[in-house]
Protein chains: 2
Amino acid sequence: MLDGVSLDHLRTFIAAVDEGSFSAAARKLNRVQSAVSGWVSGLEDQFGVVLFDRSGRFPKLTPEGVLLLADARGIVSGVDTMKARAKLMASGLETELSVVVDVFFPTAVVSAAAKAFASRFPLTPLRLFVEGLGAAYQPVLDGRCSLGILATLPVAFPSLVSERLGEVPLVAVASSSHPLTRFNHRIPRHELAKHLQLVLTDRSDLMAGRDFGVVSPSTWRLADLSTKHAFLKDSIGWGGMPLHMVEKDIASGSLVVLDVDDMPPSGFMLTMSAYHQASEPPGPAGRWLIDHLKDSWVHPSDLKREQ
Amino acid sequence: MLDGVSLDHLRTFIAAVDEGSFSAAARKLNRVQSAVSGWVSGLEDQFGVVLFDRSGRFPKLTPEGVLLLADARGIVSGVDTMKARAKLMASGLETELSVVVDVFFPTAVVSAAAKAFASRFPLTPLRLFVEGLGAAYQPVLDGRCSLGILATLPVAFPSLVSERLGEVPLVAVASSSHPLTRFNHRIPRHELAKHLQLVLTDRSDLMAGRDFGVVSPSTWRLADLSTKHAFLKDSIGWGGMPLHMVEKDIASGSLVVLDVDDMPPSGFMLTMSAYHQASEPPGPAGRWLIDHLKDSWVHPSDLKREQ
DNA sequence: GTCCTTCCATCTGCAAAACAGATGGTTTGC
DNA sequence: GCAAACCATCTGTTTTGCAGATGGAAGGAC
């Protein structure tokens with residue numbers, strides 16, 4: 001014994017209190033009464049504190065015992081959660097799940113999934129990162145995140161495996177006061193090129209020098225999507241946005257969808273997929289999260305209220 | 001043995017990690033190496049989890065081991081607290097001061113007070129716990145702490161006596177890149193409701209099902225305040241924070257105060273009070289601490305530098 | 001490359017512990 | 001006043017954990 005106090009002391013102590021008598025505690029613990037008696041007095045010796053008043057028929061907790069009982073319960077419950085955590089680990093559950101999500105992915109879906117995740121896997125912390133474009137791939141590639149909810153880029157990543165989740169509609173928008181909105185029919189490409197385009201920059205080097213959907217020679221490059229959103233509403237330029245982020249503005253009229261010539265009328269679709277290293281497939285928690293995202297995203301009706 | 005895992009398992013585990021090798025742990029624990037080896041592998045058997053990677057010269061913690069180590073440390077320190085408490089009880093003199101402080105209370109004030117306390121009462125050990133919301137009341141209610149520096153909750157605790165210390169200003173903040181910060185005038189409630197709100201969860205059952213200041217239907221619940229802080233800075237959502245924790249970020253511009261419609265411009269004030277059991281008024285040391293907190297908090301100018 | 005140290009796992013006998021069961025004293029309810 | 005249930009203490013037996021020894025592997029020194 002490394003130390004006078006052991007968990008058996010505490011467990012016996014708690015059982016004695018809960019069962020109301022040493023004998024009952026012994027029955028519960030599958031021991032004989034003398035054993036319980038011994039453990040309890042051993043604990044009292046260790047502490048130098050009398051835990052029970054034994055004058056009556058049933059032992060009664062002393063005031064000191066009440067306080068120490070609270071400590072004991074805390075300790076034992078700590079051990080129990082530790083064991084529960086270990087059991088989950090043994091079954092292959094991830095110790096924590098690090099996920100990077102592309103900014104284009106609907107926040108409402110992520111937040112609902114995170115909430116559901118927290119109640120489904122209360123012992124597995126979820127670490128969420130939000131990044132854009134190529135920068136969102138980086139954590140998956142270098143192993144900081146075991147899972148990425150990412151937009152499919154026209155680049156191959158041989159070390160990654162992906163699983164399609166669905167599409168995010170992209171639309172070209174401009175403020176209602178922007179000159180481009182005067183076109184109520186299809187806007188030709190060369191017309192777009194005359195106006196300032198707001199483009200999301202890629203913070204990573206993965207996509208260095210490659211642009212997607214850049215039409216206009218005059219561009220402003222913004223590092224984050226909500227800034228771009230703000231600039232669009234301020235009529236600084238036009239640009240593409242995921243539909244779910246601008247739906248409200250379109251409904252309220254502050255932003256207008258541009259009907260661009262070589263875009264399908266429904267807008268361009270950005271495929272979102274779950275990515276992970278081929279060498280490290282997701283465990284149960286990651287698997288669950290992917291499936292949950294898939295399911296909750298095809299029926300997103302009840303999430304409309306939220307952002 | 002009532003249960004597979006014992007405190008000796010945990011203590012050996014911790015020693016092995018801290019000392020860096022089983023042999024060193026054995027020396028520290030005054031045991032032979034084979035004993036440590038046996039205990040560690042016993043613990044691994046119990047958990048069904050491999051705690052150390054033994055392929056190298058020195059055993060190396062596995063990722064699972066890291067997480068379980070945190071549990072183990074918590075448990076063992078709980079036992080130490082319990083023993084310290086028992087020792088004080090046995091000696092009869094109740095010279096120790098156990099205080100629980102709400103996370104919302106300014107850290108700088110607490111640490112300054114603790115420093116002053118140590119030089120004023122060098123022989124009185126001070127035991128500080130930090131908890132949040134309802135969970136911070138629990139130790140005062142069950143007597144484990146004789147004093148609580150707590151936020152006033154809209155719930156009555158008839159067994160407690162309180163004494164007002166002052167107010168902590170709460171402000172609603174969001175990252176500078178968050179869409180809400182574009183409002184430079186008062187933000188209506190319904191606008192806040194459109195965005196993800198970060199909410200501190202209450203670990204205790206005291207406030208079960210009751211929320212304070214929750215405005216948005218979409219929330220993320222975080223178990224600790226520094227995580228919430230990090231998430232706010234990552235622009236994951238908006239939320240309320242005590243002013244003292246975000247002052248630096250506001251000054252540097254990384255966080256922005258949201259001017260919420262039904263909040264006074266100075267922000268909402270959270271009243272902090274010193275609580276103790278009505279039946280057990282604080283002794284001289286507790287009394288001094290309360291008074292010191294009161295005094296040092298109304299003149300907090302010289303604490304600004306500290307966090 | 002080879003030696004030498006230091007590490008870990010495993011095995012063995014031995015000592016200490018924790019166990020079940022028995023006994024006796026005490027309280028409580030009938 | 002008696003039976004039942006409680007607790008403390010004692011005793012022999014079983015189990016557990018201990019130290020010490022042995023062997024294999026890793027890594028630094030030369």
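Each chain gets a letter, A, B and so on, in the order its sequence line appears, and its residues count up from 1. Keep in mind the model is a prediction, meaning the values are calculated, not measured.
Rounded to an integer number of Å, the gap from CZ of A:Arg31 to P of C:dG21 is 12 Å. Between the C1' atom of D:dT16 and the CG atom of B:Asp45 lies a distance of 16 Å, rounded to the nearest Å. Between the CG atom of B:Asn30 and the C1' atom of D:dA19 there is a distance of 13 Å, given to the nearest Å. In this structure, the CG atom of A:Leu29 is 10 Å from the P atom of C:dA20, given to the nearest Å.
Side chain to side chain, B:Asp8 and B:Ser6 fail the donor-acceptor criterion of an N or O pair below 3.5 Å.
Of the candidate nucleotides C:dA9, C:dA18, D:dT9, C:dA18 has the atom nearest to the side chain of A:Trp39.
For the segment residues 5-28 of chain B, residues with any heavy atom less than 4.0 angstrom from an atom of DNA chain C are, sorted by number, B:Ser21, B:Phe22, B:Ser23, B:Arg27.
No salt bridge links B:Glu64 with A:Lys87; every basic N to acidic carboxylate O contact stays at or beyond 4.0 Å. The pair A:Glu94-A:Arg287 does not meet the salt-bridge criterion, since no charged nitrogen lies less than 4.0 angstrom from a carboxylate oxygen.
Here the two rings, on A:Phe52 and A:Phe22, have centers that are under 6.0 Å apart. Aromatic pair B:Tyr275/B:Phe157: ring centres not closer than 6.0 Å.
For the pair B:Pro282 and B:Ile290, the minimum side-chain heavy-atom distance is below 4.5 Å. For the pair A:His276 and A:Leu160, the minimum side-chain heavy-atom distance is 4.5 Å or more. Between A:Val40 and A:Arg54, the closest side-chain pair of non-hydrogen atoms falls below 4.5 Å.
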What N/O pairs connect the protein and nucleotides 25-30 of chain C at under 3.5 Å? Give each pair on its own line.
residue : atom : partner : partner atom : Å
C:dT27  : O2   : A:Arg57 : NH1          : 3.2

Pairs: protein N or O with nucleotides 12-17 of chain C N or O, under 3.5 Å:
none

Filtered N/O pairs between nucleotides 20-23 of chain D and protein, under 3.5 Å:
residue : atom : partner : partner atom : Å
D:dG20  : O6   : B:Ser34 : OG           : 2.9

Under 3.5 Å, which donor-acceptor pairs do the side chains of residues 66-73 of chain A form with other protein atoms, sequence neighbours left out?
residue : atom : partner : partner atom : Å
A:Asp71 : OD1  : B:Arg85 : NH2          : 3.2
A:Asp71 : OD2  : B:Arg85 : NE           : 2.5
A:Asp71 : OD2  : B:Arg85 : NH2          : 3.2
A:Arg73 : NH1  : A:Asp18 : OD1          : 3.4
A:Arg73 : NH1  : A:Asp18 : OD2          : 3.3
A:Arg73 : NH2  : A:Asp18 : OD1          : 2.8

Throw together a table of side-chain donor-acceptor distances under 3.5 angstrom for residues 23-30 of chain B, partners on residues two or more places apart or in other chains.
residue : atom : partner : partner atom : Å
B:Lys28 : NZ   : B:Glu19 : OE2          : 3.4

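In this structure, B:Ser37 reaches the C:dA9 phosphate: one of its side-chain N or O atoms is under 4.0 Å from OP1 or OP2.
The aromatic rings of A:Phe121 and A:Phe117 sit tilted relative to each other, their planes meeting at an angle between 30° and 60°.
Side-chain atoms of A:Gln277 come within 3.5 Å of backbone N or O of A:Leu141 as a donor-acceptor pair.
Under a cut-off of 6.0 angstrom, the local environment of CD in A:Glu163 is crowded, with over 12 non-hydrogen atoms contributed by other residues, nucleotides or ligands.
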